[in-house]
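Below you'll find the structure, written out as structure tokens, and then a few comments.
Just the heavy atoms: all of them, side chains too, but no hydrogens, waters or symmetry mates, feed the values below.
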2 protein chains.
Amino acid sequence: MNVPRSSTARNSSSARPVTRSRIQKRNRQIILEAALEVFSTHGFRGATLDQLATEAGLSKPNLLYYFDGKEDIHRELLTQLLDTWLAPLRLINPQGDPRTEIMEYMRRKLEMSRDFPRESRLFANEILQGAPRIEGFIRDDLRLLVDQTAITLRGWVDQGRIAPVDPYHLIFSIWALTQHYADFAAQIALIRGAGHEPHEGAEAFLEHLYSRLLAP
Amino acid sequence: MNVPRSSTARNSSSARPVTRSRIQKRNRQIILEAALEVFSTHGFRGATLDQLATEAGLSKPNLLYYFDGKEDIHRELLTQLLDTWLAPLRLINPQGDPRTEIMEYMRRKLEMSRDFPRESRLFANEILQGAPRIEGFIRDDLRLLVDQTAITLRGWVDQGRIAPVDPYHLIFSIWALTQHYADFAAQIALIRGAGHEPHEGAEAFLEHLYSRLLAP
DNA sequence: AAGCTTCTTGACTGGATGGTCAAAATTGAT
DNA sequence: ATCAATTTTGACCATCCAGTCAAGAAGCTT
């Protein structure tokens, strides 16, 4: 599978003396930004290198100077995303006040869905296709973190500090409700009509909902 | 855009004497079933005619004898889906008991997500891409129905029969929570591990959640 | 400003993929 | 059994698209 590096490639992937010039840093960033835009709306297969190139304002061979190929761009984008995707969950503090911690987590996820809808859609696209490229991440990293969080939540339930609730479904519900506003933004926009932004009223609603759900 | 019908095509689309032989009915159905399988996991661009043909157990030219092309298969599939997609919402009875009606609606949606996950993912795929092919359906049919339902819900709130809640967000939340179990099944499976099916415990959780949310 | 390195690109290529077609096989009405 | 209509398919074709390459342009270093 592994092809010897061509003479012109200063590229990425598989560990290597990663010394990047100013221009490299800038252009790799431009390309990843363009890739986020294009991949998140058309999916991996639906996007073409020409689209990426046009969006990035570079020539196609130029893209391939900075990355080993379409796959490589996508992998890099996804890798960067996954790091930040776990962050909100990590911030839940088992020593904190249960309801506050859960509410804050929900709020952080909703913020991410509002401020980074493309990232959310990129992720959704991956999962929809059966998560072939991020299976490892989910099975290992995410699962571990969810399991730990579930233990924390169950502890809070056992102490009677929040109403009895299945911790896994509680987490899934937060994911579903917050990401929905990003992933299904097109639908929401068409239903609510122009002049409304998808997330309008979402925070109040979700606060109300979880407030009612968690009250002991 | 419209090409004159080729001599061999007994095909579909744009209104036409739709007389179908037994074989036609059967094979069109087989093709649509295969298309559901393939399109729902790979998306429109990600699916190839060869995949469709293999999945359907027919030759590629044979597919194109029954449909005008990839696009036509996809359109037909989606059209059939949209009809049934609205059904659960239509069944909400403004004269019924508010909590029962909403609970039943949630249950119907959850059932659809459990029994027809591929349909759910096909739909999700469309919306994710910005709903280009079903914009009209959403803006016209779905929106109308949602608006009517919202009026019903608001009436129930005003009568004090359910707790005050934004009707649109209530509907969105049901969509988000039920479809999540189909659309993100891959993620849920990886987190919960084998031996669990994605919907396990979902009904109890959602009943609990909406029971708490709606109690006056 | 010379000369080396990094960056950029026009012109390709090979393979995948949507779609065509004419001829062969099958079906069904008589 | 006959024969016309329907169905099926192998062999194509045209286009799209990821990726290559060699040569030129721009940056750096001295």
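In this structure, Arg133(A) forms a cation-pi arrangement with Phe44(A), its terminal cationic atom sitting closer than 6.0 Å to the ring centre and no more than 45° off the ring axis.
To the nearest angstrom, P of dT20(C) lies 13 Å from CG of Leu63(B). Per the geometry, NZ belonging to Lys70(A) stands 8 Å off C1' belonging to dC17(D), to the nearest Å. Remark: C1' of dC7(C) and NZ of Lys25(A) are 17 Å apart, rounded to the nearest angstrom. The distance between atom CZ of Phe67(A) and atom P of dT20(D), rounded to the nearest whole Å, is 16 Å. One can place CG of Leu64(B) at 15 Å from P of dT7(D), the figure rounded to the nearest angstrom. When the C1' atom of dT6(D) is taken as reference, atom CG of Asn62(B) falls 11 Å away, rounded to whole Å. Between the CD1 atom of Ile30(A) and the C1' atom of dC7(C) there is a distance of 13 Å, rounded to whole Å. Whole-Å rounding puts the Glu71(A) CD to dC17(D) C1' distance at 15 Å.
Checking the phosphate oxygens (OP1, OP2) of dC7(C), a side-chain nitrogen or oxygen of Gln24(A) falls inside 4.0 Å.
With sequence neighbours excluded, no residue forms a side chain to side chain donor-acceptor pair (under 3.5 Å) with Glu101(B). Looking at residues two or more places apart in sequence or on another chain, you find no side chain to side chain donor-acceptor pair (under 3.5 Å) involving Arg143(B). Judged as a salt bridge (charged side-chain N to carboxylate O under 4.0 Å, His left out), and not counting sequence neighbours, Arg154(B) has no contacts. Residues that satisfy the ring pair (Phe, Tyr, Trp, His ring centres under 6.0 Å) test with Tyr181(A), not counting sequence neighbours, are His199(A), His169(B).
A salt bridge is defined here as a Lys NZ or Arg NE, NH1 or NH2 lying under 4.0 Å from an Asp or Glu carboxylate O, and Glu104(B) with Arg107(B) meets this definition.
Within residues 38-61 of chain A, the residues having any heavy atom under 4.0 Å from DNA chain D are, by residue number, Ala47(A), Thr48(A), Leu49(A), Lys60(A), Pro61(A).
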Requested in this report: List the steps, then state whether side-chain contact (heavy atoms from CB on, under 4.5 Å) holds for Arg22(A) with Arg26(A).
Outcome: CA-CA 6 Å; Arg22(A) 206 162 24 82; Arg26(A) 210 198 65 215; 5.9 Å; no
**Report entry** Tyr168(A) and Asp147(A): CA distance, side-chain angles, deciding distance, side-chain hydrogen bond (donor to acceptor under 3.5 Å, both in side chains) verdict
**Finding:** CA-CA 8 Å; Tyr168(A) 288 95; Asp147(A) 283 343; 2.5 Å; yes
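Shown here for Leu213(A) and Leu209(B), the closest heavy-atom pair between the two residues is CD1-CA, 3.9 Å.
Side chain of Tyr65(A), nearest nucleotide from dT20(D), dT8(D), dC7(C): dC7(C).
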Close N/O contacts between protein and nucleotides 24-27 of chain D (under 3.5 Å):
none

